[in-house]
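Report on the following structure.
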Amino acid sequence: MAKQEKNNQTETLESGEIFFLYRPAVEEQAVAGLADVQRFFLLLHPEGSNNHRLIVIGKKRLPEAGKSGERFWGFVDEVVRTDKQLKEQLGAESYETKTRGERFVAAMRPAGTGQYQISRHGNHTHLSYELALPEQPSEVQKELNIARAATYVLSVKNPNASAPNGVGLEDDQKAELPKHLQERFQGRRFIDADPPALLDHAGVEILLISTDESLEELGIDLEAESGNLDKDAADVFEALRMQQSAEKEKPLVQGKWQ
């Protein structure tokens with residue numbers, strides 16, 4: 001059942017763990033900055049669920065926290081439900097091309113982790129988060145616009161709504177939602193992320209819109225705290241079913257590109 005926060009009209013719809021991940025560009029092992037990043041992802045793991053939602057953020061960074069009105073497009077790339085699927089999605093990839101032969105893409109690297117909440121506030125929904133790691137955001141987090149804590153207005157696009165040529169996903173990539181979720185749009189192009197189950201379908205497109213509201217103003221307390229950094233980092237890699245290494249750990253703990 002949804003929980004009503006005290007002294008505020010903010011209703012919690014869902015909460016859980018959030019991970020910020022990036023994948024190096026094709027054939028790149030060492031990442032020196034955003035130009036060497038192929039894609040930037042949010043991974044949402046709702047409390048009490050086996051689902052892990054892997055969400056691509058189109059501009060390879062988040063909207064700037066606290067700056068009202070920035071609109072960034074994204075989409076649900078995959079929803080994985082088993083440890084094996086998660087390991088496959090986040091691991092290294094290789095594929096054949098006709099002109100260049102075999103191409104290699106390195107495994108994803110975590111750039112932050114913490115707690116998130118999807119909540120209703122008045123006539124819109126928010127995605128809010130607070131970092132546990134790294135304790136002190138550094139160069140990686142600054143380029144990816146991962147603040148210590150932030151909140152965004154979150155909207156979901158109608159898969160049946162048209163879009164200008166070259167904007168958004170192709171028709172064959174868009175989600176086919178169950179009837180009861182599709183009916184919630186009632187012909188509108190965008191609706192709130194209520195219920196959050198709208199995000200449990202690959203091909204769902206979203207908008208993240210920056211706001212000058214703070215978690216405190218919304219009455220949201222996520223209590224994301226770090227303890228022993230070595231143990232916390234190991235727990236993150238275990239949760240992601242990823243092999244831990246000094247290189248992959250560096251962005252997460254030190255905020256340094258690797």
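Given the structure is predicted, the values throughout are model-derived calculations rather than measurements. Hydrogens, waters and symmetry mates are skipped; everything else that's a heavy atom, side chains included, is used.
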Exercise. Does any N or O in the side chain of Asn158 come within less than 3.5 Å of the main-chain N or O of Arg188, such that one atom is a donor and the other an acceptor?
Worked result: yes
Exercise. Heavy-atom distance under 4.5 Å between the side chains of Leu199 and Ile206, does that happen here?
Worked result: yes
Problem set entry | Reported CE-to-CZ distance for the pair Met242 and Phe19, which is rounded to 0.5 angstrom | 10.5 Å
Exercise. So do the side chains of Leu207 and Tyr152 get within less than 4.5 Å of each other, counting heavy atoms only?
Worked result: no
Exercise. Do Ile57 and Trp73 have side-chain heavy atoms sitting under 4.5 Å apart?
Worked result: no
Seminar exercise, completed: Between Pro46 and Asn51 the two heavy atoms that sit nearest each other are CD-O, 3.3 Å
Exercise. How far apart are the closest heavy atoms of Ala239 and Leu86, and which atoms are they?
Worked result: O-CD2, 3.5 Å
Exercise. Taking the side chain as C-beta and beyond, is there a heavy-atom pair between Leu42 and Leu62 under 4.5 Å?
Worked result: yes
For this session: Look only at the side chain of Gln141 and the backbone of Ala111, and say whether a donor-acceptor pair between them is shorter than 3.5 Å.
Result: yes
For this session: With the side chain counted from C-beta on, respond yes when Asp192 and Leu154 share a heavy-atom pair under 4.5 Å apart, and no when they do not.
Result: no
Exercise. Any donor and acceptor pair, going by atom type alone, linking the side chain of Glu183 with main-chain N or O of His180 inside 3.5 Å?
Worked result: no
Exercise. Any side-chain donor paired with an acceptor under 3.5 Å for Gln89 and Asp77?
Worked result: no
For this session: Among Lys174, Glu205, Gln173, Lys157, find the one that has a side-chain contact (heavy atoms from CB on, under 4.5 Å) with Phe75.
Result: Glu205
Problem set entry | Polar side chain donor-acceptor pair, His126 to Ser119, under 3.5 angstrom | no
Problem set entry | Nearest heavy-atom neighbours spanning Trp257 and Val140 | N-CG2, 3.3 Å
For this session: Compare all side-chain heavy atoms of Ile191 with those of Arg184 and state whether any distance is below 4.5 angstrom.
Result: yes
For this session: Count the heavy atoms belonging to other residues, nucleotides or ligands that lie under 6.0 Å from CZ of Arg189, then report whether that count exceeds 12.
Result: yes
Exercise. Atom CG of Asn123 and atom CD of Gln9: how far apart are they, to the nearest 0.5 Å?
Worked result: 11.0 Å
Seminar exercise, completed: Here the pair of heavy atoms bringing Thr125 nearest to Ala193 is OG1-N, 3.0 Å
Problem set entry | Enclosure of Glu93 CD (heavy-atom neighbours >12, cutoff 6.0 Å) | yes
Exercise. For the side chain of Arg120 and the backbone of Gly122, is there at least one donor-acceptor N/O pair under 3.5 Å apart?
Worked result: yes
For this session: Looking only at non-hydrogen atoms, find the nearest pair between Leu177 and Pro159 and report the distance.
Result: CD1-CG, 3.8 Å
For this session: Taking the side chain as every heavy atom from C-beta outward, state whether Pro24 and Gln38 have any pair of such atoms under 4.5 Å apart.
Result: no
Exercise. Which atom pair, heavy atoms only, marks the closest approach of Pro110 to Pro251?
Worked result: O-CB, 3.6 Å
Problem set entry | Chi angles and distances behind the salt bridge (charged side-chain N to carboxylate O under 4.0 Å, His left out) call for Lys67, Asp212 | CA-CA 6 Å; Lys67 181 179 181 180; Asp212 55 8; over 6 Å; no
Exercise. Would you say Thr82 and Asn50 make side-chain contact, with heavy atoms under 4.5 Å?
Worked result: no
Exercise. Got a donor-acceptor contact below 3.5 angstrom from the Glu70 side chain to the Glu64 backbone?
Worked result: yes
Problem set entry | Ser210 side-chain N/O to Gly69 backbone N/O, donor-acceptor pair under 3.5 Å | yes
Exercise. Checking side chain to side chain contact (heavy atoms under 4.5 Å, CB included) for the pair Leu252/Lys250: CA distance, chi angles, key distance, verdict?
Worked result: CA-CA 5 Å; Leu252 176 67; Lys250 203 170 183 180; over 6 Å; no
Exercise. In Å and rounded to the nearest 0.5 Å, what is the CG to NE2 distance from Leu240 to His45?
Worked result: 10.5 Å
Exercise. Between atom CZ of Arg23 and atom CZ of Arg109, what is the distance when rounded to the nearest 0.5 Å?
Worked result: 10.0 Å
For this session: Quick one: do Glu130 and Arg148 satisfy side chain to side chain contact (heavy atoms under 4.5 Å, CB included)? Show the steps, please.
Result: CA-CA 6 Å; Glu130 184 176 346; Arg148 183 71 182 82; 3.7 Å; yes
Seminar exercise, completed: When rounded to the nearest 0.5 Å, the distance separating NZ of Lys60 from OH of Tyr22 is 12.5 Å
Exercise. Would you call Asp83-Lys87 a salt bridge at under 4.0 Å N-O?
Worked result: no
For this session: Please answer whether the main-chain N or O of Leu127 pairs with a side-chain N or O of Tyr116 as donor and acceptor at a distance below 3.5 Å.
Result: no
Exercise. Do the ring centers of Phe20 and Tyr129 come within less than 6.0 Å of each other?
Worked result: yes
Problem set entry | Intermediate values then yes/no, side chain to side chain contact (heavy atoms under 4.5 Å, CB included), Glu249 and Phe237 | CA-CA 9 Å; Glu249 188 178 324; Phe237 283 94; 4.2 Å; yes
Exercise. Rounded to the nearest 0.5 Å, how far apart are CG of Leu208 and CD1 of Ile55?
Worked result: 8.0 Å
Exercise. Looking just at side-chain N and O atoms, do Glu14 and Gln117 make a donor-acceptor pair shorter than 3.5 Å?
Worked result: no
Problem set entry | Arg241 (side chain) donor-acceptor with Gln85 (main chain) under 3.5 angstrom | no
For this session: May I ask you to check whether over 12 heavy atoms, not counting those of Glu47, lie within 6.0 Å of atom CD?
Result: no
Exercise. Should Gln182 and Asn160 be marked as a side chain to side chain contact (heavy atoms under 4.5 Å, CB included) after you check the CA-CA gap, both sets of side-chain angles, and the distance that decides it?
Worked result: CA-CA 9 Å; Gln182 184 62 52; Asn160 294 338; 3.2 Å; yes
